[in-house]
Amino acid sequence: MRVLCVAEKPSIAKAVAGHLSGGQVQSVSLKSHIGPSAAMLNIGLLTHAQHNTPEKYIKNYVFEYDFGHPWGRCHVTMTSVLGHITSAVFPPEYKRWDHPPPDRLFDAPVNVIIAEDKTKVADNIEKQARYANALCIWTDCDREGEHIGYEICEAARKGNRTLDIKRAKFSNIERAHILNAARNLIDLDHKQVNAVSSRIELDLRIGYAFTRFLTTNLRTLGGPFEKLVLSYGSCQFPTLGFVVDRYFRVRNFKPEPFWSIKVMHKREGMDVNFSWSRTRLFDRASTIVLYERCLAAKMAKVTKVQEKPTKKWKPLPLTTVELQKMATIFLHMTGQQAMEAAENLYNKGFISYPRTETDRFDSGMNLRALVQKQTQSNSWGEFAQNLVNGGFQQPRQGRNDDKAHPPIHPITYVAPTALSDKEKKIYEFVVRRFLACCSEDAKGVATDVDILYGEESFHAHGVVVLERNYLDVYIYDKWTGTAQLPKFTVGETFEPTEALMTEGKTAPPNYLTEADLIALMDANGIGTDATMAEHIQKIQDREYVCAVPRTARAADGEDDDEGAPTGRGGGSRGGRGGRGRGARSGGSTVGGRGGVKEFIPTKLGVALIEGFDRMNFETSLGKPFLRKEMELKMKAICEGRTTKEAVLNESIRQYRQVYLQSQEKLNILKAACRQYVLQQNGG
Amino acid sequence: MSSELQAQIRTTLQNQGLPVPSLTWIQSAMPNRNPLPPLPALVATIKTRLLAADLTTPNLFESPPPALPSNLGNPEVKEAKLPRDVPVQVLDIENLSKSKWDQVEELEAIARGEQTRGREIIRLPTGNEEDEDGGAVSQNASATTGRNAAVNANVANAAAAARNATHRLVLQDCKGQKVHGLELKRIDRIGIGSLNIGEKMVLKRGATVARGIVLLEPATCTVLGGKVDAWHRAWMDGRLARLKEAVGADARG
């Protein structure tokens, strides 16, 4: 029996071929137009690679492998594609931008063709399929990978209609894992294929229609618009919308004064600061009245003293979104750079598949063995050794499981010298995160003292760290602000050393950082964990937003709040844009302030979002709702709750509706462009 | 109708801890039905009308009316105690724990039909659709109802979230005298959206008045309920503009 194996990219083909063949592999360059058995005979004669064409990267590996039941021992040819091989296009009569009108693209025919630069890749598969009885897909196990698998099937069927088709399920290219996958082949999941082809078709129709609509209609405004292509994407615009929304929140912000009461008491040589249970009030007179009554009372009474063990939880297993957020905060990388580096590390077999939503390890995984591999490191080897020697703890279980991949974790140890600068940083982060997960929570003792001073309650909190545990390896988390409190006894009264009324001022929120933006996209269903970084990059490439280093503005804000114990504009700064799941420690965003960049929209970006927002509130393209619905529908297709046809019908109808409304209210968009970009008073 | 019946009603109201209206007012508030409903229903009707009334209505109370001492608002007086129980009505409520701008942003988001849950932006259900089909209702009115429903829903959440909030009220007695009330201890019913404008309260004898501000706490302040519809609506509709004006923002919506 002859089996054709096809991976998503050459590095995976090479690694899988290496494992399956046990090293007995022959490689043949793609130029070979002869069958595999002939190729085996002619090895050495066919080693010349072609240059300046993409397929120069592709090799066919020939070897023997026993798949077990039902295929048994086979002659195997292993090759790969380079990502997608097909693309969806409109027929030539839709080439012109002005005619037929762009909204015709909502129901124009869509042809799926072999992409121009992939014809040789597809030819290779078609030819190899002729000699094969079976096809085994080795694309990455996610939605896109499933669709690429389907494209490979189609290409192979052109050469051979009778192929038996299977798929290997794997999430890293470690040897035992690959051998296990080869022995447990499954079927291609056509639901996922359908979800992706719906997404591709919708992106094509919606993207083309709106890009042409925007570009041709706004061109008449003249000035910079004359030569501009205004690209629209159903993820890009909501992403831009978040940036613009925050921009206006910063710009429109009105600072307000607030007042507070701060009580300090000296005891055992320590200054104990008590914070007011009301935190702060936005009214001076009310605060004065309450403050005066504190002073009149003279004595404060201790109402509660509690000492109890406390923990700082170790992090959850690593997901893609979390990796990107952390990389932008601590590793001075963009989300996209982080993903590229992670992808390289995966292709080289050093880490598991970096696109995953899963934050829980399967209980069947041998995590200790993975920890063991890290013991040889100079930096964290000792920590890993301690885990191996009995410190190992099962990681925390998050709530997300995409059922396809485990959390991102190291597969083998690699010396830092073998890696590029960015790969090194990402690898180190992945390993430290993994070891932290397998370690123990940090432990300490928290002391809480409540006092009643007059009628007002105040609170002091102290923490003493007893065991650092995971913090020793996970250098990105800090557990500071730890202070010991002197002894207080319930019922005792004392006269506070100092009681002050303080004044502060609220500060505006910060502009969005990439980590903020990723978190917003994640919470609002914009893009998938794998594509978010691309969308963020794209709105920069389109010059809708620019990334600028955070200015001294943040420092100013701190000065403003000085003297306010609870200060920092709490509600206003953290507020609704603030932190949600994932970032438990308030200190996390502060740690890497040095190189933090913020996104500020360009005039063009503001004009586009404002234009759409002003047109129509329900379904503005600048809001996440429509796109979120689409992502949910993709999920529904994958779960078999709806069909591709139903989704296409419904989504196209929705977007066509928005298109017609936009056309009707085009003047509003134009006015916004005049106002913001051309600086005319058109608004 | 015998005045005995009105006296009976008055006693029942008194036993329920409500301020005691004059017999004349009870007479005027009696339902115009014959035969009259049974006593419990009658008392309920009168109670509802009392709580919905403007306390400054002439002759609502017997003379001398239960008013605040006239020098109560004097900021020179560090501390005084209220000499008697005084019924008051709520004219205004402010959340002093939250910046006005935060409240503005929240109201504006609701006006756009959005609300945030953590980082997630949620589209609020629109209540206007039937109205548009009906066509009879003016668009403005329907938009306002839809929005108010949203405001109320949101406000309920906010009130639950802000358990430690400190509110300041503007209270008015039957003579029309106004005084500030500051929440010294949390009173659960006090909250924007949960406490109505025109709602009635009793400030009890012995309540502390500091620098002309009545300090509210559960022991000396009873919330009776009620609402003056017109005032409440006007207050809700004008809230965003008032907040914006207070922080010096452009108030043109």
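Here is the naming used below: chain letters follow the sequence lines, and residue numbers restart at 1 for every chain. Predicted, not measured: the structure shown is a model, and the values here were computed from it.
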Practice problem: Go through the atoms of A:Leu290 and report whether side chain, backbone, both or neither lie under 4.5 Å from a heavy atom of chain B. | Solution: side chain
Practice problem: For the residue pair A:Asp613 and A:Ser620, confirm or rule out a side-chain donor-acceptor distance under 3.5 Å. | Solution: yes
Self-check item: Contact origin within B:Glu79 toward chain A - heavy atom pairs under 4.5 Å
Solution: side chain
Self-check item: Structural part of B:Leu184 lying under 4.5 Å from a heavy atom of chain A
Solution: both
Exercise. Would you mind telling me which of B:Leu182, B:Val247, B:Ile121 has the largest number of heavy-atom pairs within less than 4.5 Å of chain A?
Key: B:Ile121
Quiz prompt | Cationic N near anionic O, under 4.0 Å, B:Glu183 to B:Arg168 | solution = no
Quiz item: Are A:Ser275 and A:Lys262 close enough, and set up right, to give a side chain to side chain donor-acceptor pair (under 3.5 Å), and what steps lead you there?
Solution: CA-CA 6 Å; A:Ser275 58; A:Lys262 182 179 158 181; over 6 Å; no
Quiz item: Is the closest basic N to carboxylate O distance between A:Lys325 and A:Glu514 below 4.0 Å?
Solution: no
